[in-house]
Structure formats: structure tokens, C-alpha cells
Protein chains: 2
Amino acid sequence: MGTTLKDLAGHLGISAAAVSMALNGKPGVSEQTREEVRRAAEELGYRPNRTGQALRLSRTNTIGVYFPSTVMEYSLYFAEIMRGIVAGFADTELSPLLLPSAGRTGQVRDFPEVDGVVVVEPHSDDLGMFELLRSGRPTVCIDPPPPSAAAPWGVVEADAPSATRDSLRHIVSRGAARPGLLTIETVSEWSRTIEASYREWCSEHRVEPAVIAISARQSNEEILELLERELGADVPCDGLFVAGDAVAPRIAGLLRTIGRSPEDGFPLVSGVDSTMMEFHTPPITAIDLNPYGYGMQAARMMGALLLEPNRPGEPRIERLPAPLVVRGT
Amino acid sequence: MGTTLKDLAGHLGISAAAVSMALNGKPGVSEQTREEVRRAAEELGYRPNRTGQALRLSRTNTIGVYFPSTVMEYSLYFAEIMRGIVAGFADTELSPLLLPSAGRTGQVRDFPEVDGVVVVEPHSDDLGMFELLRSGRPTVCIDPPPPSAAAPWGVVEADAPSATRDSLRHIVSRGAARPGLLTIETVSEWSRTIEASYREWCSEHRVEPAVIAISARQSNEEILELLERELGADVPCDGLFVAGDAVAPRIAGLLRTIGRSPEDGFPLVSGVDSTMMEFHTPPITAIDLNPYGYGMQAARMMGALLLEPNRPGEPRIERLPAPLVVRGT
DNA sequence: CGCCATACCTTAAACGATTAAGTTCACCGG
DNA sequence: CCGGTGAACTTAATCGTTTAAGGTATGGCG
């Protein structure tokens, strides 16, 4: 198919080894030859065969992207992370390879060889993730893994405690005395950190915590019942921090049916921002997690870690800001 | 690293060639040897090195997944397609590799070598897609490419005409006399087919078409103005088919501010279903495009096409049903 | 003038798999 | 008894690249 190193060598009348050294900046060829080789490579459109390189150097130039099976289902957030990962690897030699979820069986050994793995939101109910981290491959996690998992090489995470405090401060500034927390899952560290920060805030402010734990597949009726219970308590919950992707509009819709929507002055903050929040009527205040940036950053970190001679002693941690985007009047 | 063919051969005291033939079911080894080799391979946990195979057989066992840069931005639909693709390749030798978008430059030649490409929703404004299809690689498109593009090897598409008719019939059955069409882009064949089907339906039913073309980044105010214009026409538009991902809830919210929401008896159908429609208050009737199924089917078709000795004369076309999911009373 | 170091290049081996082309040996028919 | 045949292997070449080891001028220096 394409031009090979041998083709190039034949064309120039020198050996393939010389061509290789010339193109890879290795010593052993004269500067003149190097320049000639470069020109010929350009002219003949030579592209090194990745497979040949991979075999010789025993690296594949591919990075696995792993996400739990439960994740990404109808999630705006994960699509954005993907875009970020793709963008982050775009100008490098590396390419992201989507790994199938091994949540149930944890059969990680059958995975294709990759130089490293980006684990997107390690969930504590995902067996495959545990095995992946234990396998010793270079790993970068987007969101920290559960403490019981083997340490990854790197982590990209949000400043969830600050984001939680910002959100609660905002809700209170909009007139609430007892902001509640609505969670949609308890398997991500992000979610657990938010709940911990929330409880901490409550104890600091001498407020009784109101945690409403729902699941994404619950019916509107069930969720409404849970909401009404907290909103009708002795000290009623009068504001809500919704920690979950794409769920705040749903909650807003339910609150509207009982006259407690953001339009009625009930403060609501979404823990995950997206165009859904921006274009909702009325717009919903939200934490901009910048999932695209996460993906990008994880890709970059992986590239950097692979260039280093050996694994860092401590996991490299990159904490990204998660600013509150205030919307509405 | 892992056990190689040579290791296995050494362990068994036979040549690597014999082991290869044994494991690949090629003639040239006795049934007894074959069985012994199989057992030893199992025992030593032999996994053929993909890179070695790739080099020898000049195939990489990876399939590129390409999507336009404009696409996937906060799209539930694309996340689901991805899940489907991953699932479709899960039990095969093939792995999906995410290709960076080459929309602007169309620099497809720098792509890593892949055995084929799944093009997700080819958009007519994406240069990279045109070049990809022209490059002669095996290609399967999810949604047909524009007619001006080189023919792909295969296509997985929705039955958009039927879905449009079903939607319009539903809207009329809910009391509308002049259903309108709201489109969010005109670069996908899906969108163009829907508009054509809509106009056809209108001419059959002697109704003046009302097409409202918006863009996803337009402000709520601008969109509201466009809506009001059609709703306040001489023969007012009294129902809406919203052909776009995740946009129907936004439109429903805007309609509510002028008292014409689905709750007020204004029939609304979303051209793309998702949990957003299911859990909206009130739930929104929608076409179930089954994006997960698309991805799965595209992966399967790619696998099948690669096994065939040569390219099919005509593009293989698989049309999947897109049933209307009626919600609300 | 002779010797050694150096620059620059070639040769060859290696990565791990597949496969065409040889080799060995038993067996069968004439 | 001998040539031919086929089964069951082995040998070796190959895919494209990298790199250690080997070779050959050339120049400098004693």
C-alpha cells in the first residue's frame, strides 16, 4: 500500500536503517543525508507503518477508554468527556480505543493490548474497573476511584467540595433556609464527596440534612412522593441541590406540578451543567464540570505519563475548577 | 510479556508453524497434536499478539469511528450510538477506535490505519466525511450520506418517511389541523428526508407547510419569536413535529410561556426519543430511533462486510423501524 | 608512514505471527 | 523391491520498523 521505509531507502540508494535513523533524529547519519531523507519522505508521502513500529517497540499507540456499563446511558456528560478525550489525543501519536464494559464478569485479560487506559468515572459497582486498576497498566481516572481500588497512575477530578459549598451558598442567597440534596447514585466518588460536603455544610450551619436519594429509573410518581415528604416536613426543605446529570429539568417539572418550581421562587441548582440547563425555561443554575476539559486533560496526562521513564510514586492528581454558573434573575 | 507462539512451541517441542496451524484450524497437523496444542494454549493462557498478526496479515483489527465535529455536542443520541457500537464489537476480534474529526481540513490521510470506518451521521458540511468515503476504505454509515458523497459499503438508516407520517397522523389525531415542522439542522439526510416527507404529507392533505428552521445555539427569545409567528398566522400552526435531539423539551418550555404547551392541548412530537422525553412533565410523545440498535447494527454489518471476499456491488442498506412512542393521555 | 579514533553507513537480528516451500517417513501399488 | 504419494511436520521467508553490531573510509596525530 503506502510507501515503506524500504521503498524510501531504495529510492535514495541507502539502507533502511539509515533512513530510520535520519527520520527519528538518531545520530549516525550526516546532516546532509538526513535532510535528503526528509525531503524524499515528504515527496513520496511516507508515513511510518504503525503496526511495524508497534511490533518492534512493543507499544500499540492506542489508549483504551473504559467506562462502566451503567454509565453513559442517556448521559450528556459522557458524550462530552468522549469529545474531550478525542480532542486531547488528536495531535498525538495516540488513538483512543473504546473498550467494552467488563462490569459483570471482570474479564479484563481479553482486552486488546493498549499502552494505557483512561477510566471514565470509576464506579464502585464495576468489577472490571477494579481489575483494570489492579492489572498494573498505566491508568488515568476521570473522577477518583473508590479508595478500595488499586491506585491509578493519575486522576483528573473536579473540586466537588467547593462546588457544593458554592451551590448551597447560592441556594441560601435565594432565600432558602434548609437546602436539600437530591442524589441519583452513590457509586461514584463525585457523588459521595458531594454528599459528605453537604453534610459537613449542614453541621456547620446547624441545619438538619435532607438527602433525597432516587434512582434514574424511578417513576415520576415515586420521586414526587419523596419530594413532597421533604417539602412538607416540619422544617421544610425549601431549596434543592440536584447532584446528577440531566435530572434537574425533570425535578423542575415535577416541582412545577406542586407549585414549587424555580419560577415560583424555589431555588434549584444542578450539579452538572449542560445546554439542557442553559435553555430550560426558566434557565437552571448549575455547576460547570467542563466534561470536555476533563477528557482533554485526561488524554494529555496519559500522554505525559507514558513519556516518563517510570510510574510516578504517588498518583498524579489534577483538580479542575468547577464554577457555579448562575442563571435567572 | 504474554506467552508467545514460540513459547508454546518450545513447551510442546514442536515448531511455531505447527502451533499456528493447529490453533487456526488449518490443515497440516494431526488431530491429536491440534488437541494438545489447544490444551497447552489454554493452560499457558496464550493470547495471540494482535500486533504480530496485524503486521503479517496487514489488518489491524480496529475499526475507526468517525463523527463530524458539529455532532455529539451535548447529544444523548450519540452517546447511545457509541454504546451500541461498543456492544456490537464486544464479542468480536474488532475494536472501535475513535477518530478525530477532520471536518475543517479533511486531513484523512493522517488517520491511523484501520480496517474500516463507521461514519456516524455523515453531515453534508463535513469535508472529512467526503474524503473518508472517497478513500475506498470499507465504510458503514449510520444514516445515509449526502447523495454527492462517494457511496459507502453499507448504510444503517431509520425509516424516516414512515416515522414522519406516523407523527403527523398522531398530531392530527390530537386535534391539530395544520401541524408544523421544527428543524434544527439541514445537514443530515435524516433531517432532509423528514422535511421532504413532511412537505409531501402537506401536499397530500392540502395543508400549507409550516417549517420553522432554528439552530441549536439560537436564543430562547429568537426561537419564541419564530414560534409565535407561525402560531399566530392566518391559518395558525396548531401542533408541532420537532425533528431534533433533545430540543422538544426546550420547545415545550417556550410554548408554556405563551400558554400553548402540550399541557394546554397543543400536540407535540419529538423526532428523537430519550429518557428526557419519557420523564418530561408531561411526557412527550416521540419517535424511538433506537440509537443503541443503530450502533450495534452498524458494528455487525461492518464485521460481516469484512468477512466477505470483496466489496458489495451495491451499498448494503439496512433500514430499521422507528416506531412512535405515544405518551400522555 | 602507521595507527587509532571517528563519522557514516550497512548488515543482520529482532519483534510475533502466518504460510509457501521443503523435508521426512510410512505406506501402498505395481 | 522400488517409485510414488500423502500426512505431518519443519524451515525459512515475510510483513515494516528499530537498533546493536560490524565495516570502511577519512583525518589527525605521533
Side-chain angles (χ1 to χ4, degrees), chain A residues 1-38 40-41 44-62 93-95 111-115 306-307, chain B residues 1-38 40-41 44-62 93-95 109-115 306-307:
Chain A
M1 341 265 170
T3 317
T4 73
L5 208 59
K6 221 183 281 179
D7 295 342
L8 207 53
H11 181 253
L12 288 165
I14 58 176
S15 73
V19 176
S20 174
M21 293 186 293
L23 290 176
N24 293 324
K26 301 270 154 124
V29 283
S30 69
E31 211 40 60
Q32 186 195 337
T33 307
R34 199 185 294 278
E35 200 40 57
E36 280 171 20
V37 169
R38 283 216 190 93
L44 299 189
Y46 169 72
R47 317 247 79 214
N49 180 308
R50 301 296 204 86
T51 309
Q53 285 185 323
L55 183 58
R56 179 64 229 250
L57 303 173
S58 56
R59 59 178 161 82
T60 61
N61 280 327
T62 56
E93 294 288 276
L94 302 169
S95 301
F111 278 180
E113 294 109 353
V114 289
D115 296 344
L306 289 183
L307 285 181
Chain B
M1 339 266 166
T3 318
T4 74
L5 208 60
K6 219 183 280 180
D7 295 342
L8 250 186
H11 181 253
L12 288 165
I14 58 176
S15 74
V19 177
S20 174
M21 294 185 293
L23 290 176
N24 294 323
K26 301 270 155 127
V29 282
S30 69
E31 212 39 61
Q32 185 195 336
T33 307
R34 199 185 294 277
E35 201 40 57
E36 279 171 22
V37 170
R38 282 215 191 92
L44 299 189
Y46 168 73
R47 316 247 78 212
N49 180 308
R50 302 295 203 87
T51 308
Q53 285 184 324
L55 183 59
R56 180 62 229 248
L57 303 173
S58 57
R59 58 178 162 82
T60 60
N61 279 330
T62 56
E93 294 288 275
L94 302 169
S95 301
R109 68 197 170 100
D110 290 342
F111 278 0
E113 294 109 352
V114 289
D115 295 344
L306 290 181
L307 285 182

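Sequence lines set the chain letters: A, B, ... in the order given, protein chains first and strands last, and positions in each chain run from 1. What you are looking at is a predicted structure, and each value in this text was computed from that prediction instead of being measured.
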**Message:** By nearest heavy atom, map B:Thr33 and B:Leu55 onto DNA chain D; which one lands nearer the 5' end?
**Reply:** B:Thr33
**Message:** Between A:Asn49 and A:Arg47, is the side-chain hydrogen bond (donor to acceptor under 3.5 Å, both in side chains) condition met? List the steps.
**Reply:** CA-CA 6 Å; A:Asn49 180 308; A:Arg47 317 247 79 214; over 6 Å; no
**Request:** Give one of base, sugar-phosphate or nothing for B:Leu5, where a contact means two heavy atoms less than 4.0 Å apart.
**Result:** base
**Prompt:** Could you give the CZ-to-C1' distance, from B:Arg59 to C:dG16, as a whole number of Å?
**Reply:** 14 Å
**Whole angstrom value for the distance that separates C1' of C:dC9 from CZ of A:Arg34** = 13 Å
**Complete:** In whole angstroms, the gap separating P of C:dT11 from CE of A:Met21 amounts to 12 Å
**Message:** Categorize B:Pro27 for me: base, sugar-phosphate, or nothing, with a 4.0 angstrom heavy-atom threshold over every strand shown.
**Reply:** nothing
**Prompt:** Starting at CG of B:Asn24 and ending at P of C:dG16, how long is that distance when rounded to a whole Å?
**Reply:** 17 Å
**Request:** Could you check whether B:Ser15 gets within reach of a base, just the sugar-phosphate, or nothing at all, counting any heavy atom under 4.0 Å?
**Result:** base
**Prompt:** Is any side-chain N or O of A:Lys26 closer than 4.0 Å to OP1 or OP2 of D:dT19?
**Reply:** yes
**Side-chain touch A:Asp7/A:Leu44, heavy atoms, less than 4.5 angstrom** = no
**Item:** Heavy-atom side-chain proximity of B:Leu23 to B:Tyr46 below 4.5 angstrom
**Value:** yes
**Prompt:** Within the pair A:Thr51 and D:dC15, is there a side-chain N or O less than 4.0 Å away from OP1 or OP2?
**Reply:** no
**Request:** Using atom CD of B:Glu113 as one end and atom C1' of D:dT17 as the other, report the distance to the nearest whole Å.
**Result:** 12 Å
**Fill in**
Separation of C:dG16 atom C1' from B:Asn61 atom CG, nearest Å, is 14 Å
**Asked** So what does B:Thr4 hit on the nucleic acid, given a heavy-atom distance under 4.0 Å: a base, only sugar-phosphate, or nothing?
**Response** sugar-phosphate
**Complete:** The nucleotide from D:dT10, C:dT19, D:dT17 with an atom nearest the side chain of A:Tyr46 is D:dT17
**Asked** Would a 4.5 Å heavy-atom cut-off, applied to side chains only, mark A:Arg50 and A:Gln53 as touching?
**Response** yes
**Request:** Check whether any side-chain heavy atom of A:Pro112 sits under 4.5 Å from a side-chain heavy atom of B:Asn61, and report yes or no.
**Result:** no
**Item:** Whole-Å distance separating the CG atom of A:Leu57 from the C1' atom of C:dG16
**Value:** 14 Å
**Request:** Consider the side chain of A:Asn49, meaning its heavy atoms from C-beta on, and name the nucleotide among D:dC9, C:dT10, D:dT17 that approaches it most closely.
**Result:** D:dT17
**Asked** Relative to the 5' end of DNA chain C, which residue comes earlier, A:Ala17 or A:Glu31, by the nucleotide with the nearest heavy atom?
**Response** A:Glu31
**Asked** Between B:Leu12 (CG) and D:dA8 (P), how many Å, whole number?
**Response** 17 Å
**Sugar-phosphate only, base, or nothing, as touched by A:Ser30 at under 4.0 Å among non-hydrogen atoms** = sugar-phosphate
